[in-house]
Structure formats: C-alpha cells, structure tokens
Amino acid sequence: VIRVLPARNSVAMTAVLAASAVVVCLLALSASSAQTPNKEAGISPEVRSLVRQAIASTGLISVRNSSDSSSQGPRPRGSAVVVRSDGVLVTNYHVILNTRTTRSYDEIFLSLSGEGDAASSSARYRLKPLLINKDYDLALLRVESDASGNPVPKSFTFPSIEIGDSLKIKVLEDLFIIGFPEKGGSSVTVNRGVVEGKDLLANWIKTDARVIHGNSGGAAVNSEGKLVGIPTKVLADEQPVDKDGDGFPDGYRRYGAVGFLRPSHLVAAMLAQLDDKDAESQPAPSAPKMIEPRTLINVRGLVRSAPGGKPIAGALVGLLPLGEVTVTESTLLTWASTNADGEFKLNKPVPPGRYTLKAKAFARQAYTLDIEIGPGSSPLIIEMRASDH
Amino acid sequence: MKRLTRFALASLAAIALIATAAAQAGGARKQNEAARARGLFVSKKSDAMSILVLKVTNGTLVPVDPSTEFKAGDQIKIQFQSNFEGYVYVVNIAPNGKRRLLIPSLDATDNAVHPDERYDLPSGGSAIEFDEEKGTEVLQVIMTRGRIPYLDAALKEPDQYLSDSASSAAAELQGGIATKKVTSVVPQNEGNQVRSRDIILAQGKNKDAKGSVVAIPDNGGDGKLKAGEIAPFEIRLKHQ
C-alpha cells in the first residue's frame, strides 16, 4: 500500500478540509433524518378498508413458563399475523424465544381482537411452534386449541391475511405497520410509512414507519392490504454528545431510526416447506423443525483480457439477482475490484444460487453473464474483450 | 541413423536462425515504435504524455526505472507532461484491489493539464511513500479531453476510495464510458513496467533515460482524443 505524505505546510489545510467534510456529512445526515414522508396525505376509503381487514388477522402474542405460579398470567411479548385460515400464523422467533432457556416458551398464546383490546379478548388461542428459521428470525405456529385447551372445530375459519409479493415492492411505496407495541398497551396500533430501501441479499426491507418493542412479529401491509413484511428490528442512529464541554461524551443524541422488516416472500417459502412436510403424512413431531442457517460463499475470481489472457487491474465486478438488468444500490449484492494480477474477492459472501454477474474496466466491453454459485464452485474466470470503438 | 542426426541438426540450426531473425525484427520494430511515440509527443500530431518516476534519494529527486523494486519507506514522485489540453486522472490500485483516486485530490482539485507544462504527483513538497504491505501497486493514468463524472464523484467518498459504497459501485457498473480505440502496437514487455493499453509506448531519451512516453497512434490522422473518449495506461510499481 502506498500513502501520500503531505508537505508540512499543507497539513493544516488538509485537516480543515477533512473537518469540513465531516460537518457537511453530519448536517446532511441530520437533515435527512429530520425528513418524514407526508403523512397528512389522505388514505382512500378503499385502502382504509383493506388495512382494517388486515388488522383482524393480526394478534397479540403472550407467553408463560410452566414453572410460573398459577396466579401469574401470560405476559405480552409481541405480535403475530395469521397467514392461513386453518390457523397457521407467523411471528419472529425472538418473540417466542425464552432467552434464559434458549428454547421456545412452554405456553404461547394468540389473542385476536380486531380493533378492540386484545387482553380482554375472548378470542384467545394456545399455539404450537411448527417451523423455525433462526437465520431469518421467523417462526410458523399453529393454533392448537382455545386458551382453555378445548380443540377448535376443524370447520373454523381464522381471519387470515393474503401474502403479497415482497420481491416486487418498490422504494417509496406506502406501508402500514400493524401490531401491539408496548407503548400502545394491548390494543392494536397502526402507523404509516414508506419503503425506504431493501437489501435483497440479506432479505431486509427498510422503512421509516415507526417500529418499536412489541411490533416484532406483526404485519407490514401494502395499500392493497397484503402482507409484505414482518417488523423484526429497529436501528437507531445515536451520536455521543458532550453537553458540559469537558471533552468527554455524557449523553447521546438520537437523529432517527430505521425499521427493518423481513420480506413476506420468506414467509411464503416457509409455508411451502410446511406443505411439503404435511404431504409426507408423518405425525407432527413434538419439537418444531429447525432450519439451519444458510451457508454463505465467498466468491473469488480472475479478470483477464480476451484474447491474450493478460490480467486486468482495476476492473469492477459485481453480482446482481438473476436476470436483473439495472445496477442500483439496492440490486447490487456484492462487488470488488481487481488487483494488479487481475484477482478479486467479492466484499460480501452470498448464499448458493444463480446470479447475474457484471464487470466493467477501462478500454473493455461491459461484461454480463448469468452464473451459478455453489459450495464447490471454482474461482470465476472473466474474459473481457477490448472496446469496439 | 547418421543421416537422420544430420537432418535434425540442420533443422535445429535453421529454426535458431529464424528465431534470431524474428527477435532482431521485433527489436527493430520496437525501436521504430518508440521513435514514433516520441515523435508524436513532440510534433503534437497525437495526444501524448511523458511520465517520469522520481525517487527521493538523499533529499533530491532522482529518475529511476519504473521496474525498480521499492521497499517500505521509499518515497517517490511521478512527473507528467502532456502535449494536449485536457484532463488527467490517476487511480491507485492497491495489492488488495482497493482503488483510490490520487488525482484530482482534496488538496489539488484541478486536474486540468496544458501542453508543455510539467505536473507532479503529489504536488508541492509531498511524496508517495511505500508502507509495510507488499505487492504490486498500479497507478492507472487516464488521459481525457473532458471530465469523468464518476471519478470526480470519488472526491466526495471517504478517503477518495472508488466504489467503496454500494451506490458508487452501482453507478460505475451501470454507467458507460467510450474508450479511444487504438491498436496496441507495443506488446507487453517484462522489462518495462509502464504498460500500454490501447496506446503506444517509448522509453525516454538518454538525458532522462528512465522516463517513458505514451502516445495514441495517429493511424489515419486520428490520434486525438474526442469528447467522451479516454486513453488509460498503467504504471506498475513493485513493492517488496
């Protein structure tokens, strides 16, 4: 590595410029975090009706341990949403996880309330975990009985939500978050925001809609009332502040927060796995099936000229979802540039699968190829031709 | 058997003669091309640039062969002279592939070049120093008539790294840039670490024997860069 050593008289100017750059960045960040979408814009009666239907499918999850005293009732833990009318629902794994035992709570309950108070709702059911994906922090559960342990008639139809296509969701689309956050007590709370971005590789949707404790496992629906995400976590942007000017931070200033949703296509995939399991006609195991975290693969390769085979330094290589034509911040999954020997290692590992590879270098034709990456894949060899004009 | 041996020896001798003749022809062609590149630089019939690698030795700048193996702590400067009105961008490609814009920089944002003026990288009393990480450092030099927006945008990136963020990498992969198509008439030469890519190259004259010249061939009188075209070349510095 080489570094530029500034001349003595230019050091001060460099420091001033660097400091200015930091201030500009912080101001820009502060300004952007202060922006909120126009939530005053009206919601059409049709959208309002569709979102209300989604509310009926969303419930409060409460839990208790078998060792708890009989006087201790179930404690609220988060939210869940019914995704199949036969009583299958989805929530976050961390909602039903007892962190002390690192297993699911012994007793898990769902309260469906419509727009009423879930705590006093008579529609309360006992749940059983069916399928858990730790990697995505998602769990599928089934209604086992009513709260007293009486079986629910097979003909009973639960108010279920339709699963939307989260792969097609676009930035700035409207979102409605439905759940039972702590601050709202046991009554359902709905708020509105937009899709701020998505990361297809890590399977996240980002939103500016308010997501707080208790929203976990609930529903994020689009303006058609379809489930597009599961509120899962929130990241706050907090910066240390020195209030008394003694040079040491003594507090934090919060500039904003971003809510993260697990896209609904992951829920659809888990439901498909559940169907496969049901099709095997085996008795349901007493413990839920655990899906192991995905294996991620580090992708390496070589870029060279064609013909000739000389290594190309400084070529940029990136992976996109298969068939993606446009390279944007949200479609570019991982990337790297080549060294003097034309070698590269992509900056983020990717799950096995098919991708569209793109490469670009000075004086070379742009390169695009659909590729498959698996655990035993050999390093990629990219041969770039000279430009035509 | 003897006849067969004699035939084999004769064949080997013939092959050796042909190989020697080819090597001599190659050397002569290289000399002609070097003279041609220098001629194009001086006559300004083509857009061209001279490059000199200078090493700080006992407080003074001494021209060195770019194929010199540099050590940790060595300090160098690169001197450029253009024969055309345009812009020059210099990107450092580190041994790990990370790319960083050196020209323009926050200290020297003006990367315009004018004929017959010399420019130093870095400017003023600064120098480039090799640190402990070994490998081949590439200085990618890009000659152009106009500005290159995505390289200019790197000035706003932290430490001027190229494609460090997803947005800048996406912009580079999505964006297009026309490249000057010229025939590479000088093949890769192991002994010369200033590598041509779609340009012709010449060693410097005797008085600055370690300097080099790169020029765009004037095939059909088309040796000038047009708007939207670039001519990139590389300086490879070995760091042992």
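Order of the sequence lines sets the chain letters (A, B, ...), proteins ahead of strands, with each chain counted from 1.
Heavy atoms of B/Ser165 lying under 4.5 Å from chain A belong exclusively to its backbone. Within the 4.5 angstrom heavy-atom criterion, no atom of B/Ile76 approaches chain A. Residue A/Thr328 touches chain B through its backbone alone, counting heavy-atom pairs closer than 4.5 Å. Neither the backbone nor the side chain of A/Ala315 comes within contact range of chain B, judged by heavy atoms closer than 4.5 Å. Heavy atoms of A/Ser305 lying under 4.5 Å from chain B are absent altogether.
Cation-pi geometry between A/Lys358 and A/Trp335 is not met at under 6.0 angstrom from the ring centre and within 45 degrees of the axis.
Using a cutoff of 4.0 Å between basic side-chain nitrogens and carboxylate oxygens, B/Arg99 and B/Glu172 are scored as salt-bridged. Look at B/Lys98 and B/Asp164 and you find a salt bridge, because one of the NZ, NE, NH1 or NH2 atoms lies within 4.0 Å of a carboxylate O, short of that distance. Under the 4.0 Å criterion applied to side-chain N and carboxylate O atoms, A/Arg354 and A/Asp370 are not assigned as salt-bridge partners.
Side-chain contact annotation: B/Asp152 with B/Tyr89, donor-acceptor N/O pair under 3.5 Å present.
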